[in-house]
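Worksheet for the structure shown next.
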Amino acid sequence: MPDISSIPRLVILVGPTCTGKTDAAVRIAGEVGGEIISADSMQVYRYMDIGTAKPDRMQRSAVPHHGLDLVDPDEPFNASLFVGEADRIIDRLHARQVPAFVVGGTGLYIKALLGGLLDGPGADEALRAHYRKEAAVHGKAYLHEQLQEKDPQAAAAIDPRDAARVIRALEVFDLTGVSIVERQKAHRFNRQRYACFKIGLTMERDALFERIDRRTDRMMAAGFVDEVQSLLEQGYAPELKAMQSLGYRQIVGYLQGLYSLDEAVRLIKRDTRHYAKRQMTWFKADKVIQWVSGGDIDFIGREIREFLGRPELPASGH
RNA sequence: GGGCCGGUAGCUCAGUCGGUAGAGCAUCGGACUGAAAAUCCGAGUGUCGGCAGUUCAAUUCUGCCCUGGCCCA
């Protein structure tokens with residue numbers, strides 16, 4: 001067992017999209033000499049900057065960022081790869097005694113970073129493609145029937161309509177002969193991999209939805225359509241996971257002539273609100289998170305400095 | 001001025017041969033272990049435009065009024 005004091009301490013900053021996580025993190029990390037590890041499943045893709053609200057040049061030069069632009073939009077990326085990447089960065093920062101700020105809205109990535117993932121096989125794209133095809137031909141129910149025969153325990157736990165989870169369960173069983181449910185029971189995210197202090201940024205829902213609308217308008221003004229057009233011209237297909245993400249999917253629909261640009265913007269705003277709500281549900285379930293109003297950056301900074309064991313900075317006087 | 005068609009959930013609408021109503025979207029709640037900005041589950045939130053009449057009972061039938069659209073003057 002390692003000495004408890006040698007375990008890296010992480011500042012975790014989470015919350016729904018558009019609550020100001022990046023701004024708060026840049027400011028506070030800048031003040032304490034920390035560096036930022038993005039925990040965002042879409043900001044890992046190169047060339048996807050506007051639609052993912054990636055930190056800009058100024059922010060990235062003010063505070064070093066990690067976890068951005070790791071792969072091309074047609075390359076695989078997932079929670080496991082995130083954990084591997086984040087572990088490497090945390091090691092380096094820890095060796096330099098630099099505070100690490102893990103900042104992002106992808107709840108699973110953070111949960112996996114802190115608690116590990118279950119002991120099981122990685123993604124097998126060929127196998128998944130096979131099952132996806134079967135679902136397309138015979139329907140989702142057919143996949144669930146197969147799961148019922150192979151792994152009744154998992155079949156009972158997973159809704160037949162939730163194809164993504166049915167396929168993952170089939171994948172784990174096919175590759176190991178063991179039920180994913182057994183692996184989950186054995187795991188339960190209870191590996192204490194890091195010491196951490198979790199802060200959640202919140203905001204009145206009406207205010208957050210208003211901010212989402214305004215940010216979407218800013219993305220459009222910043223050339224979001226051009227960005228998507230450029231991705232398509234580079235050969236990145238609309239079917240790619242990255243291109244199915246929030247915003248990109250809707251702009252592709254517009255470029256394909258399925259609906260007007262106004263309609264695409266309306267859909268992006270609507271779907272971003274839905275996404276923010278899903279994030280709230282996810283993070284609400286984590287009872288360890290200390291919730292703070294998104295506007296109260298001073299308070300957040302004080303809490304973080306206390307956690308890091310650093311003295312208060314002198315009052316700045318303005 | 002006359003005629004016709006509408007007014008039902010936040011929106012678009014369905015429906016009740018008289019027994020106080022339901023779809024989609026929005027909204028709200030939830031799940032989530034290598035796709036997670038993905039994937040999926042649950043919930044109707046309502047003076048049925050207003051007032052009167054007929055009736056045991058009216059959102060439904062009748063009358064008047066208000067209101068939107070179209071047509072004729």
Side-chain angles (χ1 to χ4, degrees), chain A residues 14 16-18 38-45 48 50-54 71 73-86 104-125 127-129 131-132 135 140 143-144 154 157-172 175-176 178-191 193 205-206 209 212 215-216 219 239-251 263 266-286:
Chain A
V14 299
T17 188
C18 219
S38 165
D40 186 298
S41 64
M42 290 300 141
Q43 291 181 359
V44 300
Y45 294 113
M48 294 173 58
I50 297 171
T52 62
K54 211 176 275 177
V71 295
D74 58 352
E75 291 183 272
F77 198 82
N78 55 49
S80 176
L81 292 169
F82 168 77
V83 173
E85 178 72 16
T106 303
L108 177 63
Y109 284 12
I110 290 167
K111 195 168 184 176
L113 176 66
L114 299 176
L117 287 163
L118 58 77
D119 178 25
D124 183 327
E125 290 304 330
L127 191 54
R128 290 182 182 191
Y131 280 127
R132 265 197 292 268
K140 294 176 186 177
L143 291 187
H144 194 260
I158 301 170
D159 189 286
R161 289 160 290 197
D162 193 347
R165 291 201 166 70
V166 171
I167 289 174
R168 173 59 179 160
L170 285 164
E171 181 180 54
V172 170
L175 267 30
T176 66
V178 177
S179 173
I180 188 171
V181 173
E182 289 299 331
R183 300 296 178 138
Q184 286 171 341
K185 278 186 192 162
H187 178 68
R188 291 186 192 282
F189 292 104
N190 55 12
R191 282 165 214 173
R193 303 180 74 243
R205 191 169 297 197
D206 287 350
F209 285 4
I212 287 172
R215 185 179 69 178
T216 305
M219 286 176 175
E239 294 73 30
L240 290 171
K241 191 176 65 170
M243 294 295 272
Q244 288 294 316
S245 66
L246 199 41
Y248 294 86
R249 180 174 62 229
Q250 292 84 349
I251 297 294
E263 176 66 359
R266 189 186 70 81
L267 293 173
I268 291 171
K269 290 174 177 173
R270 182 194 71 183
D271 294 344
T272 305
R273 288 194 284 269
H274 290 169
Y275 171 53
K277 218 201 77 52
R278 270 179 273 134
Q279 289 177 303
M280 290 181 212
T281 299
W282 176 283
F283 292 121
K284 217 186 294 176
D286 186 342

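So you know, we letter chains A, B, ... as the sequences are listed, proteins then strands, and number each from 1. Both backbone and side-chain heavy atoms feed into the values below; hydrogens, waters and symmetry mates do not.
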>> Between A38(B) and Arg165(A), counting only base atoms on the nucleotide and side-chain atoms on the residue, is there a donor-acceptor pair under 3.5 Å?
In response: yes

Please enumerate all residues that pass side chain to side chain contact (heavy atoms under 4.5 Å, CB included) together with [X], with sequence neighbours excluded.
X	result
Thr216(A)	Ile212(A), Val265(A), Ile268(A), Lys269(A)
Arg165(A)	Ile158(A), Asp162(A)
Thr281(A)	Lys277(A)

> With nearest nucleotides of RNA chain B determined for Gly247(A) and His187(A) from heavy-atom distances, which residue corresponds to the more 5′ nucleotide?
Replying inline: His187(A)

Atom [atom1], compared across [N] and [M]: separation rounded to whole Å:
N	M	atom1	result
G18(B)	A58(B)	C1'	7 Å
G24(B)	A43(B)	P	11 Å
G63(B)	C28(B)	P	44 Å
U67(B)	U8(B)	C1'	15 Å
A52(B)	U27(B)	C1'	37 Å
U47(B)	C4(B)	C1'	29 Å
A23(B)	G50(B)	C1'	27 Å
C11(B)	U16(B)	P	23 Å

Where the side chain of [X] is concerned, which of [options] is the nearest nucleotide?
X	options	answer
Trp282(A)	A36(B), U33(B), C28(B)	A36(B)
Thr281(A)	G30(B), C28(B), U33(B)	G30(B)
Arg161(A)	C40(B), A37(B), U33(B)	C40(B)

> How should the glycosidic conformation of G63(B) be described, syn or anti, under the criterion that syn lies within 90° of 0?
Replying inline: anti

> Sequence neighbours excluded, which residues qualify as salt bridge (charged side-chain N to carboxylate O under 4.0 Å, His left out) partners of Asp206(A)?
Replying inline: none

> OP1 or OP2 of U33(B) sitting under 4.0 Å from any side-chain N/O of Arg188(A)?
Replying inline: no

>> I need the residues from residues 271-278 of chain A with at least one non-hydrogen atom less than 4.0 Å from RNA chain B; give them sorted by number, or say none.
In response: Arg273(A), His274(A), Tyr275(A), Lys277(A), Arg278(A)

> Stems in RNA chain B: runs of 3 or more consecutive Watson-Crick or G-U pairs, distances under 3.5 Å?
Replying inline: B:1-7 with B:66-72, B:10-13 with B:22-25, B:27-31 with B:39-43, B:49-53 with B:61-65

